[in-house]
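Heavy-atom basis, side chains included; hydrogens, waters and symmetry copies ignored.
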Amino acid sequence: MALPSLPSLMLPAQSRAAGATRPPKRFVFFFSGNGQRPANYYPKEPLPWKVVAPNVREISLVGPDPISTVFGDDFTPLKSKILLIRGLDFIMKKGGGHDGPCTLSGFLRSSAEDTTRWVSIDQVMANSRGVYPTPPPIGQPRSVHVYTRGNQSPGAMVASTAAGVPVPHELDVTKTWDNLWKGFIDPGQMGPEVDLALQKRIVQRSVMDRVRAEYDNLRKHPRLGSEDRKRLDAHMTALNDLNGRLMQGTVGTKPVGCAQPLRSMNLAQDEANLPMLTKLNMDVLAAAIKCDRTRVATFMLCNQTDTRTFKWLEPGGLGDHRDLSHMVYTNPAGDKSFARDRLGRINNWYGKQVAYFLGLLNQVEDPVTGATYLDNTVVYWGNGDGGNDGEPHSHWGHPVMLAGGGFKTGRYLDFREVMAVNGEDQGPRSLYLYNGTPTMIPKSMEIRGRPYNSLLISLMKAMGVAQDEYETPGKPGFGDYSGNVSNQYNIADGQKELPYI
């Protein structure tokens, strides 16, 4: 009765069995800055490599020992659900530097003064019909953006709109809570005394959901005329808007594990409160995922030039994070392990926070299949700088940790061009610098891999984003490919999904 009259169709009455509803897909991105040291981040060589393809090898992460310094004991119960990737290079800019926004956009600014921004994959997802087949209720955010403490300049934000406008990240956990939970009514708590108007809205939502199912089938009918299709689309747009207004503040059926978190008072943005602020934000976000309050999130654990000293890990602190990253492996006294060890402790702490969040989602969502919320979520922990033991910052060897669904997890996958056997070099390593000149490089430095852009395409595909939603007509792929001096990278590879994941 809620569908308009469509003269081009004379459909017989049919009975349709209601199919099982699949859990929605979600994406969560965690950002930390100042790069990673491969010696801390990846499993220690020598390793029992399995060759997957030329210049592609892998090992299993599942076993009794910790993966690495960064991925310590907290990841032991999660090993089968994570994928470490090595050998993905930003190819779009000469030299190095702090470029947090490129992590989700695949586009690097040409200079520190350049304010140009490209759309980030989280915003492509938030506006994708694959992620939101129907619009969320009015007032419920398509994406949420969290920040614990740091520089609020537009250049530091990791997300950008389709118009290239930086997306602000919320520092106040109470405002994040309000954004996600204001007006939420727990259906599990509703009894006979519930407001009659609310009961009516729930019934109305049920009707609307059934109408949408009929609409989806009807729109695909080969006999539907073009004018009727326009009439049908306009009608459903109006119904969607009406449904959102009717259902604002309600969630319908309560998912398994859904519980509204407490609204905590916001803590001062000082370093002593950072551990608690991080936890509070993660609790709010994980609960929002379980209750389907949003399906896309970016979480900045710090900014791209993090300067905190981590006084909660050691009295007096470990030292300025950014300064340590520039020391590489030396300090004025010549102690080559000084910066490496301290950076290992810093990033181990960030790893613990990511593991905590993964644990919150590793709870059964689908009692029939046993799948967890984590299994139905793509989680990416990335960094604005590459992983390199030879200099402070680089744009090759980008550290990538994926967790959850959509990929073959439980593995460490290496795409670097020149391989070692049993941890020993089999010949000189070389890297084509951005002026096109090949150079010999020491063992400590990363070597050429594949274009990083492929990863971003794979993440969007895993979320059900269609190619026409992320590609610009006439420009295949995603992000910028203009920095490929002397054709040192295979651009065709970078314009497609990343293989073997």
- Message: Under a plain distance cut-off of 3.5 Å, with no hydrogens placed, do R295 and Y132 share a side-chain donor-acceptor pair?
- Response: no

- Item | Set of ring pair (Phe, Tyr, Trp, His ring centres under 6.0 Å) partners for F299, sequence neighbours left out | F30

- Query: Tell me, do L361 and L358 make a side-chain contact under 4.5 Å, heavy atoms counted?
  - Reply: no

- Task: Examine distances only and state if a side-chain atom of E365 and a backbone atom of L374 form a donor-acceptor pair shorter than 3.5 Å.
- Result: no

- Query: Quick one: does T103's side chain get under 4.5 Å of H398's, heavy atoms only?
  - Reply: yes

- Query: With a 4.5 Å limit on heavy-atom distance, are the side chains of H169 and V146 in contact?
  - Reply: no

- Give me the one residue out of T278, D74, D283 that meets side chain to side chain donor-acceptor pair (under 3.5 Å) with Y356. D283

- Quick one: are K50 and R57 in side-chain contact, heavy atoms under 4.5 Å? no

- Under 6.0 Å between ring centres, would you say that holds for F478 and W118? no

- Distance flag, aromatic centroids of F357 and W381, threshold under 6.0 Å: no

- Going by heavy atoms in the side chains, are L343 and L324 under 4.5 Å from each other? yes

- Item | Distance flag, aromatic centroids of Y350 and F310, threshold under 6.0 Å | yes

